[in-house]
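Only one structure is covered here, and it is reproduced in the block below.
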Amino acid sequence: METQVAAQAANAVASGISIVDLIHQGWYATYPLIAFSVVMVSVLIERLWSLGRIGSTDDALTRKVCADLEEGRVEAADKAIAAAVDRSPAARVYAPLLALLRTSDLHDVLEFCERRRLGESRAFKRNVWVLGTIGSSAPFIGLFGTVVGIIKSFHQMATMGTGGFSVVAAGISEALVATALGLVVAIVAVMFYNYLQVKISNLDTLLRVGMGRVLEAARVGDSRGTR
């Protein structure tokens, strides 16, 4: 009789628990995961906004500068670069390039431009490591919540002196919610981390190729000017 009463009480409690209640009950795992999700969304919005418009802007600037240099319009190329310095990483790499070509040898120019490119590539990666950290740690936090929830379920079983699924249902639900939340946060973080890694690699390649195109265009313009 006592077993039936305890089971009925446990069923009543379990049936009245919502997802929000389960999140509150598993606060030691779910609250950090919710905080992680907020940080993740903030980093994503900032990085997607910053990197989303760079590719097309840099490509258009490179084409404009190369066309001017090939025709010998050095001043027009300088003006195009100066006008885009605030919004274009390529412009910040190209800015000292034309002046250096007049005063330094090609090896020194390439070394200087490479340092500038590496600086811009480092800026591309700002805060991206946060996504990788969240993606790798969120499943373990969810697993921690799962383990604690199961421990609480067995403790409840021992305290009530009864067995059966109805007694431990609330604790298992709490554990599964922590696992599911950890997996969702981790999957989203890893997906966008990989996307941003590819995006940054493409932008870095665009800068490297653009440097070569600008140098080649400057050589073509100089050869035409000496004829």
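The structure presented is a predicted model; accordingly, all values stated were derived computationally and were not measured. Residue numbers run from 1 in the order of the sequence given.
With rounding to the nearest 0.5 Å, the separation of CG in Leu61 from SG in Cys66 is 9.0 Å. Remark: Asp204 CG to Glu120 CD distance equals 10.5 Å, nearest 0.5 Å. The CZ atom of Phe192 sits 5.5 Å away from atom CG of Leu44, with the distance rounded to the nearest 0.5 Å. Taken to the nearest 0.5 Å, the OG1 atom of Thr133 stands 13.0 Å off from the CE atom of Met40. Here CG of Leu131 is found 10.5 Å from OG of Ser136. Values are rounded to the nearest 0.5 Å. From Asp78, atom CG reaches atom CG of Asp68 across 9.5 Å, with rounding to the nearest 0.5 Å.
The hydrophobic clustering, which links ILVMFWY residues whose side-chain heavy atoms are closer than 4.5 Å, places Phe112 and Leu69 together. Linking ILVMFWY residues whenever their side-chain heavy atoms come closer than 4.5 Å, directly or via other members, leaves Tyr193 and Val184 in distinct clusters. Met191 and Leu51 fall into different hydrophobic clusters, where Ile, Leu, Val, Met, Phe, Trp and Tyr side chains are chained together by heavy-atom contacts under 4.5 Å. A single hydrophobic cluster is not seen to contain both Ile141 and Val147; linkage of ILVMFWY side chains at heavy-atom distances under 4.5 Å, directly or through other members, places them apart. Leu143 and Phe36 are assigned to two separate hydrophobic clusters, defined by single-linkage of ILVMFWY side chains at heavy-atom distances under 4.5 Å.
Ala67 and Arg73 make their closest contact through O-NH2, 3.9 Å (heavy atoms, listed as atom of the first residue, atom of the second, distance). Closest approach of Ser37 to Val185, counting heavy atoms only: CB-CG2, 4.2 Å. Heavy-atom minimum distance, Gly52 versus Lys199: O-NZ, 4.2 Å. A pairwise comparison of heavy atoms in Ala178 and Leu33 identifies O-CD1, 3.8 Å as the closest pair. The two residues Arg92 and Asp86 make their nearest non-hydrogen contact at NH1-O, 3.7 Å. Across all their heavy atoms, Gly135 and Pro139 have their closest contact at O-CD, 3.4 Å.
Contact of the Arg126 side chain with the Arg47 side chain is registered, since non-hydrogen atoms from C-beta on lie closer than 4.5 Å. Side-chain atoms of Leu203 and Asp58, non-hydrogen and from C-beta on, never get closer than 4.5 Å to each other.
The hydrophobic cluster of Trp49 has no other members, since no ILVMFWY side-chain heavy atom comes under 4.5 Å of it.
A salt bridge links Glu111 to Arg115: one of the charged nitrogens lies within less than 4.0 Å of a carboxylate oxygen.
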Notebook entry, point to check: Run the side-chain contact (heavy atoms from CB on, under 4.5 Å) check on Ile54 and Ser88 step by step: do they pass?
Noted result: CA-CA 6 Å; Ile54 289 178; Ser88 171; over 6 Å; no
Next item on the list: Could you give me the CA-CA distance, side-chain angles and deciding distance for Tyr195 and Leu48, then say whether side-chain contact (heavy atoms from CB on, under 4.5 Å) is met?
Entry: CA-CA 10 Å; Tyr195 168 78; Leu48 291 174; 3.6 Å; yes
Notebook entry, point to check: Yes or no on side-chain contact (heavy atoms from CB on, under 4.5 Å) for Val190 and Asn194, after CA distance, side-chain angles and deciding distance?
Noted result: CA-CA 6 Å; Val190 170; Asn194 290 334; 3.7 Å; yes
Notebook entry, point to check: Is there a side-chain contact (heavy atoms from CB on, under 4.5 Å) between Leu183 and Thr179 once you walk through the steps?
Noted result: CA-CA 6 Å; Leu183 289 175; Thr179 302; 4.1 Å; yes
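Under the 3.5 Å distance criterion, with hydrogens and angles disregarded, a donor-acceptor pair is assigned to the side chains of Tyr94 and Thr62.
The side chain to side chain contact (heavy atoms under 4.5 Å, CB included) test applied to Glu114 returns Arg117, Leu118, Arg208, Met211, not counting sequence neighbours.
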